[in-house]
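Naming convention: chains lettered A, B, ... in sequence-line order (proteins, then strands); numbering from 1 in each chain. Atoms considered below: every heavy atom in the structure, side chains included; atoms not considered: hydrogens, waters and symmetry mates.
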2 protein chains.
Amino acid sequence: MARKGYHHGDLRAALIQAAAEAVEQGGPDAVSLRDLAKTLGVSTAAPYRHFADRRALLAEVAAQGFEQLAEDYGRAAARNPDPKVALRDTARAYLGLAFRRPGLFRLMFDSDLMGPDAPASLTGPAARSWEALHAAVAAIDPQADDATIKRRTITGWSTLHGFIALVSGGRLKGFMTEPLTEAELVEAILDKTLIAD
Amino acid sequence: MARKGYHHGDLRAALIQAAAEAVEQGGPDAVSLRDLAKTLGVSTAAPYRHFADRRALLAEVAAQGFEQLAEDYGRAAARNPDPKVALRDTARAYLGLAFRRPGLFRLMFDSDLMGPDAPASLTGPAARSWEALHAAVAAIDPQADDATIKRRTITGWSTLHGFIALVSGGRLKGFMTEPLTEAELVEAILDKTLIAD
DNA sequence: CACAAATGTAAGCGATACTAACATTGCGGC
DNA sequence: GCCGCAATGTTAGTATCGCTTACATTTGTG
């Protein structure tokens, strides 16, 4: 991170890391290129040598998030021989990323980075993470046709994703009263994810 | 909208309406107080006579959205004697608002307006819409205790909400291939919302 | 070793949210 | 009716931000 002279050394990587920290700290909107530049001790124009614009930098941060997610999915599948346990563990990985790194998760799913002009470095890892989820659902019931698998994947994913959105958005604050704990709710959500059709 | 002289007439209401249109057009981030002021033919500082800041204006727009939602819920309950049909219709109302007015929906659920310092004009209608949803789920099974009802409400709401988020975010673009249509998916989601536990 | 490409800087443009000081209007009490 | 004051609007300014242009320095390569 320390500068060695006129040139930074690896400003591109430093920007990505600093942006990731800022995202985790205050959400995607809290990332200011000017701030990052000042933090890293370079001029405000320097970041533009490495990223076309703010979106391009955030896209790179999001891409790392999707790579992480695909990895977590892979581990969940690898360590569980029983497909049902594997799927439950996969769902847990999704919840885990969302609750452990809420800022990153928000960047990945709530921002407009995933438009038609999204770079391949972003769409690639995102597609890989979807494929892993799809495979985990398919393994439960190898007989089912593809449309059924996709329908199950989407409904299950929806339940998980919606739960995350509502919890992270504080929408369940007044409602998760005793004796309804968050942990209990998570188990209920995971149960629902497993229901076929 | 036309000015009658030095004073606008009802700038506050005009700002809310113009902001609502801007939200629907380009999402919450597309609302610029300067733009609204110019459109309405007043100075850039005029809006601050009616709203403390940008957030306060957007909160008012969101509040109207929650009022609309609570109303829709009420209609769904009123016109269906069968509680199961009523719940399905309630869920449809949620999806309807989300797909008919995606910008408003995003403002209501994806922005940070609902913090601890949210004005009563926003938290009130939001709580009312939750109560209506809760009641629709409770009507299905009057025997169940409150924790069970809440758990069912939250899981069902999660499924609906997540589906909306994924569709609106374009995350299902490549996956909703034939013969898996969006309409079919909506029915599957509604089915899942009805499943007890 | 010279020169070109890569990478950095300085300065500035235009947009934005918001504030402070001042101007105009319209309404309620006399 | 009119007069003062609160409500409402304006002008001008601050600070931040993304981004661009023109120029400076460094580094690697033929």
> If every non-hydrogen atom of P83(A) is compared with every non-hydrogen atom of A139(A), which pair is closest and at what distance?
Replying inline: CB-O, 3.6 Å
> Are F66(A) and F109(A) close enough that their ring centers fall under 6.0 Å?
Replying inline: yes
> Between H161(B) and F105(B), does the ring centre distance come in under 6.0 Å?
Replying inline: yes
Of all the choices, [options], which nucleotide is nearest to the side chain of [X] once you look at every atom?
X      : options                   : result
A45(A) : dA22(D), dA10(C), dG9(D)  : dA10(C)
L33(B) : dT21(D), dA21(C), dA17(C) : dA17(C)
S32(A) : dA11(C), dG9(D), dG18(D)  : dG18(D)
R49(B) : dT10(D), dT9(C), dA17(C)  : dT10(D)

Can you check the [X] [atom1] to [N] [atom2] distance for me, whole Å?
X      : N       : atom1 : atom2 : value
D29(A) : dA17(C) : CG    : C1'   : 14 Å
L15(B) : dA17(C) : CG    : P     : 12 Å
L11(A) : dT27(D) : CG    : P     : 15 Å
Y48(B) : dT14(D) : OH    : C1'   : 13 Å
L40(A) : dT9(C)  : CG    : P     : 11 Å
K38(B) : dT16(C) : NZ    : C1'   : 12 Å

> Quick one: is dT11(D) close enough that its OP1 or OP2 comes under 4.0 Å of any side-chain N or O from S43(B)?
Replying inline: no
> Counting N and O atoms only, with roles assigned by atom type, does the side chain of E24(B) sit under 3.5 Å from a partner on the main chain of L104(B), one being a donor and the other an acceptor?
Replying inline: yes
> Quick one: side-chain hydrogen bond (donor to acceptor under 3.5 Å, both in side chains) pairs with a partner in residues 100-110 of chain A, sequence neighbours left out?
Replying inline: R106(A)-D112(B)
>> Any residue in residues 50-65 of chain A with a heavy atom nearer than 4.0 angstrom to DNA chain C? Just list them by number, or reply none.
In response: H50(A)
>> Classify the ring geometry of W130(B) against W157(B): parallel below 30°, tilted from 30° to 60°, perpendicular beyond 60°.
In response: tilted
>> Against R88(B), only a single residue in N80(B), D191(B), D82(B) fulfils side chain to side chain donor-acceptor pair (under 3.5 Å); can you say which?
In response: D191(B)
>> Please determine whether any donor N or O and acceptor N or O are separated by less than 3.5 Å between the side chain of R34(B) and the base of dA17(C).
In response: yes
